[in-house]
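Structure record follows, encoded as structure tokens.
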Amino acid sequence: MGYRLRHAAWGKGHATEGSRALIAKGFTEFGVQRVAASTMAVNTASRRVMEKSGMRLVRASQS
């Protein structure tokens, strides 16, 4: 899953709302078994969106 928002849209819940809707649609309408997302370690806002969308950290890769 991925998304990009203009800076003016940051912090308004759009990423979380969109992510939740996309995840729900995947599971209910498309039979998705698993959703994956990734972000850079320094991007704590995106990590928080993932957590609020019901995702959990499986592993953190070392770069």
Side-chain angles (χ1 to χ4, degrees):
M1 175 167 59
Y3 54 84
R4 291 213 185 268
L5 299 173
R6 292 179 183 260
H7 190 267
W10 291 5
K12 297 183 179 177
H14 301 306
T16 300
E17 184 177 348
S19 295
R20 286 177 176 166
L22 203 56
I23 291 167
K25 188 171 186 78
F27 286 128
T28 60
E29 295 182 34
F30 299 121
V32 170
Q33 299 283 321
R34 173 180 272 180
V35 175
S38 64
T39 188
M40 294 186 305
V42 298
N43 195 339
T44 56
S46 285
R47 170 79 63 89
R48 184 71 185 122
V49 167
M50 291 178 210
E51 291 169 352
K52 290 191 295 186
S53 298
M55 303 181 100
R56 63 182 173 82
L57 181 64
V58 174
R59 67 181 160 90
S61 62
Q62 302 291 322
S63 297

Could you state the interatomic distance from [atom1] ([X]) to [atom2] ([Y]), rounded to the nearest 0.5 Å?
X	Y	atom1	atom2	value
R34	M55	CZ	CE	9.5 Å
R47	S38	CZ	OG	10.5 Å
S19	H14	OG	NE2	12.5 Å

Inset, instruction - Verify the cluster assignment for I23 and V32: are they in a single hydrophobic cluster under the rule of side-chain heavy atoms below 4.5 Å apart? - result: yes

Legend entry - Shared hydrophobic cluster, V58 / M50 (ILVMFWY, side-chain heavy atoms < 4.5 Å): no

Legend entry - More than 12 heavy atoms from other groups under 6.0 Å of CD on E17: no

Inset, instruction - Indicate yes or no: at least one non-hydrogen side-chain atom of L5 is less than 4.5 angstrom from one of K12. - result: no

Legend entry - Test side-chain contact (heavy atoms from CB on, under 4.5 Å) applied to V49 and N43, T44, T39, T16, the passing residue: T16

Legend entry - Backbone of G54 reached by a side-chain donor or acceptor of R20 within 3.5 Å: no

